[in-house]
Amino acid sequence: MKKLITALAVVASIGAMTSVQAAESCAAKASALEKEIRIAQHFGNAYKVAGLKKALAEVKAHCTNSSVLADAQKDVSKLEKKLAEKREDIAEVQADLREAQRKGNIKKIAKYKSKLAEKQADLREIQQDLNRARAELAALKK
């Protein structure tokens, strides 16, 4: 199980690619796995080599342009959902803040202002991730 987790972690870490690499992501994933296999062999880590070889076989067997496109679309959809949820969270905190301001509760006002700032920062980060994911998807569709 540990081998599989290691292999999946390597494959997942390959996901952060530029849009040029995204267009060739199946080849890039295979290449990166082959490189990791050579490194693991060099250090005599047989378990890691076995896990990486299994991951490489999975990439070669199942990675296609359509699967890469579907994964990219799934990432965009997931981020859009996350963005909508964060906006709902912000609306709730804003309502709580307005209520605290109406009551004049200084402690709660400070608490909700802090929460609001944190959630707005999260929202900006999610928006940036979504923009990147949309750009990758657009590059794949070309």
Side-chain angles (χ1 to χ4, degrees), residues 1-40 42-43 45-142:
M1 185 67 170
K2 192 173 185 180
K3 295 180 270 184
L4 180 59
I5 291 171
T6 302
L8 291 175
V10 169
V11 172
S13 68
I14 296 169
M17 293 183 258
T18 65
S19 60
V20 172
Q21 289 172 319
E24 303 169 354
S25 65
C26 292
K29 286 179 185 181
S31 176
L33 286 169
E34 289 166 352
K35 180 181 177 185
E36 288 293 321
I37 290 169
R38 286 191 301 275
I39 291 169
H42 176 73
F43 288 103
N45 190 338
Y47 291 113
K48 190 169 185 175
V49 169
L52 289 168
K53 283 185 177 180
K54 183 174 181 178
L56 179 60
E58 290 293 318
V59 166
K60 287 182 177 180
H62 302 291
C63 189
T64 63
N65 289 339
S66 60
S67 71
V68 170
L69 190 61
D71 287 345
Q73 182 61 53
K74 191 180 350 175
D75 290 344
V76 168
S77 297
K78 187 190 290 186
L79 286 167
E80 287 172 339
K81 181 179 178 187
K82 193 173 180 181
L83 187 69
E85 290 170 355
K86 190 57 70 175
R87 285 184 174 146
E88 288 175 15
D89 289 348
I90 287 173
E92 289 174 17
V93 172
Q94 287 173 330
D96 292 340
L97 175 60
R98 283 191 299 275
E99 180 65 22
Q101 287 171 333
R102 187 183 64 75
K103 290 182 177 179
N105 188 331
I106 296 170
K107 264 187 173 177
K108 285 192 176 185
I109 290 171
K111 173 185 167 185
Y112 290 127
K113 280 185 176 182
S114 174
K115 261 188 169 181
L116 184 60
E118 181 182 319
K119 291 189 181 291
Q120 287 173 333
D122 290 346
L123 181 76
R124 284 189 295 275
E125 186 177 320
I126 293 167
Q127 185 65 57
Q128 289 172 348
D129 291 345
L130 178 58
N131 290 342
R132 273 188 235 110
R134 284 178 174 160
E136 279 189 21
L137 180 61
L140 288 170
K141 287 183 176 181
K142 288 183 180 180

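Owing to the predicted nature of the structure, the values given are computational and were not obtained by experimental measurement. Along the sequence shown, residues are numbered consecutively beginning with 1.
- Closest non-hydrogen pair, C26 versus V68, comes out as SG-CG2, 3.5 Å.
- The pair E99-K103 meets the salt-bridge criterion, with a side-chain N (NZ, NE, NH1 or NH2) lying under 4.0 Å from an Asp/Glu carboxylate O.
- If you run side chain to side chain contact (heavy atoms under 4.5 Å, CB included) between L116 and each of K113, E118, Q120, only Q120 comes through.
- Here the shortest heavy-atom pairing between L137 and A72 reads CD1-CB, 3.8 Å.
- Between R134 and E80 there is a salt bridge, since at least one side-chain N of the basic residue sits less than 4.0 Å from a carboxylate O of the acidic one.
- Between Q94 and K119, every side-chain heavy-atom pair lies at or beyond the 4.5 Å cut-off.
- Using a cut-off of 4.0 Å between Lys/Arg side-chain N and Asp/Glu carboxylate O, R132 and D129 are scored as salt-bridged.
- Here the straight-line distance linking atom NZ of K74 with atom OG of S67 works out to 10.0 Å at 0.5 Å rounding.
- One finds the CG atom of L56 at 8.5 Å from the CG atom of L52 (value rounded to the nearest 0.5 Å).
- We find the CG-CD distance between L123 and Q128 to be 10.0 Å, quoted to the nearest 0.5 Å.
- If you take NZ on K111 and CG on N105, they are separated by 9.5 Å, rounding to the nearest 0.5 Å.
- For the residue pair V93 and Y112, the shortest heavy atom distance occurs at CG1-O, 3.5 Å.
- Within the model, atoms CD of E85 and CG of D122 stand 12.5 Å from one another, a figure rounded to the nearest 0.5 Å.
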Could you please spell out the steps behind the side chain to side chain contact (heavy atoms under 4.5 Å, CB included) verdict for E92 and K115? CA-CA 11 Å; E92 289 174 17; K115 261 188 169 181; over 6 Å; no

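- Residues A40 and V49 come closest through the heavy atom pair CB-CG2, 3.5 Å.
- Heavy-atom neighbours of K108 NZ from other residues, nucleotides or ligands within 6.0 Å: at or below the threshold of 12.
- With hydrogens and angles disregarded, no donor-acceptor distance shorter than 3.5 Å links the side chain of S114 to the backbone of A110.
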Dump the intermediate steps for salt bridge (charged side-chain N to carboxylate O under 4.0 Å, His left out) on E34 and K60, then the final yes or no. CA-CA 11 Å; E34 289 166 352; K60 287 182 177 180; 3.7 Å; yes

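- Here K78 contributes atom NZ and D71 contributes atom CG; the two are 10.0 Å apart, rounded to the nearest 0.5 Å.
- Side-chain contact check for L130 versus Q127: some heavy-atom pair is nearer than 4.5 Å.
- Here the shortest heavy-atom pairing between L79 and I126 reads O-CG2, 3.9 Å.
- By the 4.0 Å N-to-carboxylate-O rule, E125 lies too far from K86 to be salt-bridged with it.
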